[in-house]
Amino acid sequence: MKCKILAFVDKSYPANHSFVDDFLAYTLPLSNLSVDIYVSGNSKFNSSLDYYNAKIFPYLYKRKGCLRFFNFFKVKKIVNKYSSLDDDLIILVRNEPIYLYSASKFKKKETKLFFQQSFPYERSSGFFIKK
């Protein structure tokens, strides 16, 4: 059985970030892991691009204003699609509470969920939902 990693990251396409480029797109796939990275962009649901050793999907809405909340439904759709596969599934969310909330609500019980936060929303944000 193969292991699939879904990564929902706080970047727009192209990511151009060391965590995404070096770790998610280059290093992890060398360990015989299949990595799909979801970022902000304007593509359709199944439109992927080769990105180093991974696939990147510029499918999510920009993280500005109300658009960030519509990503709840996009993440739900993606997680539901992959939850039906037989692969072991790991979900990684980076720096976006909406992605985390949606993934936590719709993942299967045995799916592992990781949240990597480099920005302290709970201390720095004046907006109560981000806290």
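Since the model is a prediction, treat every value here as computed from it, not as a measurement. Start at 1 with the first residue, then count along the sequence. Keep in mind that the numbers below use all heavy atoms, side chains included, and drop hydrogens, waters and symmetry copies.
Here the CG-OG distance, from Leu67 to Ser40, works out to 9.0 Å after rounding to the nearest 0.5 Å. Distance check, rounded to the nearest 0.5 Å: OG of Ser104 to CZ of Phe115 gives 10.5 Å. One finds the CG atom of Leu24 at 12.0 Å from the CG atom of Asn53 (value rounded to the nearest 0.5 Å). A distance of 9.0 Å separates CD1 in Ile78 from OH in Tyr99, rounded to the nearest 0.5 Å.
Both the sub-6.0 Å distance and the 45° axial angle are not jointly satisfied by Lys4 relative to the ring of Tyr82.
No side-chain heavy atom of Gln116 sits under 4.5 Å from any side-chain heavy atom of Phe23. Considering only heavy atoms from C-beta on, Leu113 comes within 4.5 Å of Leu100 through its side chain. At least one side-chain heavy atom of Phe57 sits less than 4.5 Å from a side-chain heavy atom of Asp36. Side-chain contact between Phe8 and Glu96 is absent, with no heavy-atom pair separated by less than 4.5 Å.
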Derivation and outcome, side chain to side chain contact (heavy atoms under 4.5 Å, CB included), residues Lys105 and Lys76: CA-CA 8 Å; Lys105 298 299 273 180; Lys76 174 187 183 239; over 6 Å; no
Test log, rule side chain to side chain contact (heavy atoms under 4.5 Å, CB included), inputs Ser102 and Val79: CA-CA 9 Å; Ser102 183; Val79 170; 6.0 Å; no
Stepwise side chain to side chain contact (heavy atoms under 4.5 Å, CB included) check, Lys55 with Asp50: CA-CA 5 Å; Lys55 296 279 186 192; Asp50 289 330; 2.6 Å; yes
Side chain to side chain contact (heavy atoms under 4.5 Å, CB included) between Ile37 and Val9, worked out: CA-CA 7 Å; Ile37 303 166; Val9 298; 3.9 Å; yes
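Heavy atoms only, all atoms of each residue included: Cys3 and Leu33 are closest at CB-CD2, 3.6 Å. The heavy-atom pair separating Asp22 from Thr27 by the smallest distance is O-OG1, 2.7 Å. The two residues Ile98 and Arg68 make their nearest non-hydrogen contact at CG2-O, 3.4 Å. The two residues Ala25 and Tyr52 come nearest to each other via the heavy atoms O-CB, 3.4 Å. The two residues Tyr13 and Ile56 come nearest to each other via the heavy atoms CE1-CG2, 3.7 Å. Taking all atoms of both residues into account, the shortest heavy-atom contact from Lys2 to Ser34 is CE-CB, 3.7 Å.
Within a 6.0 Å sphere centred on CZ of Phe19, other residues, nucleotides and ligands contribute more than 12 heavy atoms. The local environment of CG in Asn32 is sparse, with at most 12 non-hydrogen atoms from other residues, nucleotides or ligands closer than 6.0 Å.
Checked by atom type and distance alone, the side chain of Asn71 pairs as donor or acceptor with a backbone atom of Tyr61 at under 3.5 Å.
Each of Lys108, Lys107, Lys112 was scored for a salt bridge (charged side-chain N to carboxylate O under 4.0 Å, His left out) with Glu110, with one residue passing: Lys108.
The existence of a salt bridge linking Asp10 and Arg94 is confirmed by a sub-4.0 Å separation between a basic side-chain nitrogen and an acidic carboxylate oxygen.
Cluster membership check: Tyr38 does not share its hydrophobic cluster with Ile5, using side-chain heavy-atom separations under 4.5 Å among Ile, Leu, Val, Met, Phe, Trp and Tyr. Tyr59 and Phe70 are not part of a single hydrophobic cluster, where members link through side-chain heavy atoms under 4.5 Å apart. Linking ILVMFWY residues whenever their side-chain heavy atoms come closer than 4.5 Å, directly or via other members, places Val20 and Ile90 in the same cluster. Connection of Val39 to Val35 is established within a shared hydrophobic cluster, with ILVMFWY side chains joined at heavy-atom distances below 4.5 Å, either directly or through further cluster members. Tracing side-chain contacts under 4.5 Å through hydrophobic residues (I, L, V, M, F, W, Y), one never reaches Leu6 starting from Phe114; they form parts of separate clusters.
A centroid separation of less than 6.0 Å is found between the aromatic rings of Phe72 and Phe106.
Side-chain contact, Asp21 with Tyr51: a donor N or O sits under 3.5 Å from an acceptor N or O.
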